Structures are given as structure tokens and as C-alpha cells.
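Heads up: the structure comes next, in C-alpha cells.
Both ligands and their constituent atoms are indexed starting at 1 by order of listing. These numbers were taken from a predicted model, which means no experiment stands behind them.
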Amino acid sequence: MPSNRARFLVALFAALCLLAFAVACGRSNDDEADAEGGDDSTEVASLTPYKPSGQEGSITGTISYAGAAPEKKGISMDADPVCASSNPDPHAEDLVVNGDKLQNVLVYIKDGKVGDKNLSGYQFTPAAQPATLDQKGCHYVPHIIALQVNQPFNVTNSDPTAHNVNVDARQNEKFNQGQSPGAAPITKQFKRAETVIPIKCNQHPWMRAYAGVLSHPFFAVTGPDGKFEIKGVPAGTYTLVAWHEKYPQGLTQSVTVGASESKTTDFSFNAEQLKAENLEGSALRVMPALDLPMLGGHH
Ligand SMILES: [Cu+2]
């Protein structure tokens with residue numbers, strides 16, 4: 001009997017230890033999460049608000065597409081008769097080449113130096129005007145949207161059908177929200193830099209958009225002519241990234257902008273590289289999500 005009782009006590013003690021361990025683990029995870037939150041606010045507080053010098057420059061350029069562009073892919077909208085009837089001849093938007101110019105390229109400054117200070121050490125006031133992603137003709141307009149951290153982000157529905165906005169963020173809060181015809185805009189903000197966030201519609205599988213969220217206002221998206229212009233750039237040396245959804249690794253170039261200088265920086269994506277990226281498989285598609293927000297000063 002005493003040995004049974006001893007065994008029971010040992011078992012009870014072991015169970016209590018496990019419980020205590022689990023509670024401690026849970027608490028330490030919470031503490032870590034709190035600490036991370038705390039770090040964020042400390043980092044933000046240590047940023048220097050950027051004051052324009054009046055001698056900002058600009059970066060302009062053209063994005064070309066070298067080699068034979070694949071045929072435009074037709075898509076079927078039969079899943080929703082409302083979409084089908086508003087689009088007699090719908091096409092995919094994942095690779096839009098006009099002549100030899102590439103549309104829908106997000107061009108942005110990734111990091112760099114303003115004088116001897118890291119760009120990421122500056123804080124830029126977010127634009128007050130909302131960046132608006134509309135759902136029109138069962139497409140996202142624009143296909144690529146770029147905005148600043150904490151800038152209002154609105155999603156509107158101009159269609160006489162319901163959409164479901166599924167924002168698959170990694171550094172920011174995800175959201176997945178239905179929006180019926182005539183519904184009020186969905187209004188959000190992204191609290192962290194993230195390039196890029198895929199957006200899809202659960203109702204219409206062909207609908208796809210991408211949002212680039214930057215901690216500064218130095219970004220642009222190429223139009224049908226493949227051109228972009230980034231204004232108000234402080235004199236400095238930067239890493240400029242050109243990102244396209246078919247080229248998830250993007251292209252980069254170093255660019256130095258002098259005081260009041262307008263610098264031209266062109267990029268060229270090519271068809272051969274597209275084949276290589278596709279062969280390397282879908283794992284690469286998550287690469288953009290690995291971009292960390294520019295919090296630290298070590299870039
Ligand atoms: Cu939809």
C-alpha cells in the first residue's frame with residue numbers, strides 16, 4: 001500500500017510539474033509577444049521625422065519586356081453570370097505586355113542612405129488620402145496598388161454582385177470580408193511595411209491583386225507604357241526594386257540621386273527568366289513575404 005501511495009504521489013507531482021511547465025511556457029510566449037510589441041513602439045519613437053529640404057529629386061524609368069511575351073490568356077467568368085455578362089472577352093492580368101513594355105510593375109526604394117543616415121531611420125507621414133482598391137467588372141482596379149504604412153486603405157465594390165476580399169498579409173493583420181453590391185467601403189490600414197500582400201476573391205478565382213505597403217512614399221506602379229515616376233526623393237543612394245508577380249524575386253539596381261536631380265533608371269524583365277522562375281517552383285512565390293519591415297537601422 002505505501003508503495004502504491006508513493007507511486008501516486010510521484011505521478012501527481014509529475015502531473016503538477018507538467019502543468020506548471022505548461023503555464024510557464026504559455027506565459028513566456030505571451031511575454032515575448034508583449035516584448036515584440038514594446039520593441040515596435042521603441043523603434044518608432046526613435047525614428048527621425050523627415051523634413052523635406054526643397055531639393056528632393058526624382059527617379060523615372062521604363063520597364064521593358066525582352067523576348068516573346070506569352071499570348072494573352074482568356075479566362076472564363078461563367079462561375080458568376082453577372083461577371084460574365086459585364087465582360088464579353090475577359091483576359092488574365094498576370095502578365096500585361098504592351099509592345100515591349102511591361103505594365104503592373106511595382107517599383108520602390110527598398111533601402112538606402114540619405115547622407116550618412118539610413119533611409120529606414122526616417123519617419124514619413126502617411127498620405128491622408130485613402131488608397132482605394134475597387135472591384136469593377138469582376139476585376140481589381142488597380143491590379144497592383146501601393147500605399148504607405150498607416151495610410152487609409154479602402155476597398156470598394158462597384159459591381160452588382162458580391163465579392164469576398166481576402167487579404168493574405170504576413171506582417172500585417174489578415175482579413176477576409178464579404179462585400180455585397182452597394183455596401184460601404186471596407187476601410188483598413190496596414191501597420192507594417194510589407195511587399196507584397198496578395199489579395200484574392202473567394203467568389204471569383206480569377207480575381208487577384210497585390211498591395212505593396214511601404215514605410216515611405218517612394219514607390220510607383222508602371223502604367224500601360226511601362227513608365228514610372230517616383231517623386232520627392234531625398235538626395236541619397238538607394239536600392240531600387242522592380243517587382244512583378246511573375247518575377248517574385250524582382251530586379252534590383254543601385255541608384256544615386258543628387259540634390260534636385262531627376263535620375264532615369266530602366267529595368268528589363270525577360271521571357272527566358274520567366275521560364276526559369278516557373279521551373280524553380282511555387283516555393284519562390286512566397287519570397288516577397290520574407291521582406292521584413294524596415295524597423296532596424298542595420299539595412
Ligand atoms: Cu469577386
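Applying the side-chain hydrogen bond (donor to acceptor under 3.5 Å, both in side chains) test to residues at least two apart or on different chains, the pairs with a partner in residues 142-153 are His143-Glu245.
Aromatic rings from Tyr140 and Tyr210 are positioned such that their centres are separated by 6.0 Å or more.
Nearest N, O or S atom of His204 to the Cu ion (ligand 1): atom ND1. When the Cu ion (ligand 1) is compared with the N/O/S atoms of His163, atom ND1 turns out nearest.
Residues satisfying the side-chain contact (heavy atoms from CB on, under 4.5 Å) test with Ser262, not counting sequence neighbours, are Ser58, Thr60.
Taking backbone and side chain together, Met207 holds an N, O or S atom under 2.8 Å from the Cu ion (ligand 1). Put simply, Cys201 gets within reach of the Cu ion (ligand 1), with an N, O or S atom under 2.8 Å from it.
Both tests hold for Lys117 against Tyr122: distance to the six-membered ring centre under 6.0 Å, angle to the ring axis within 45°.
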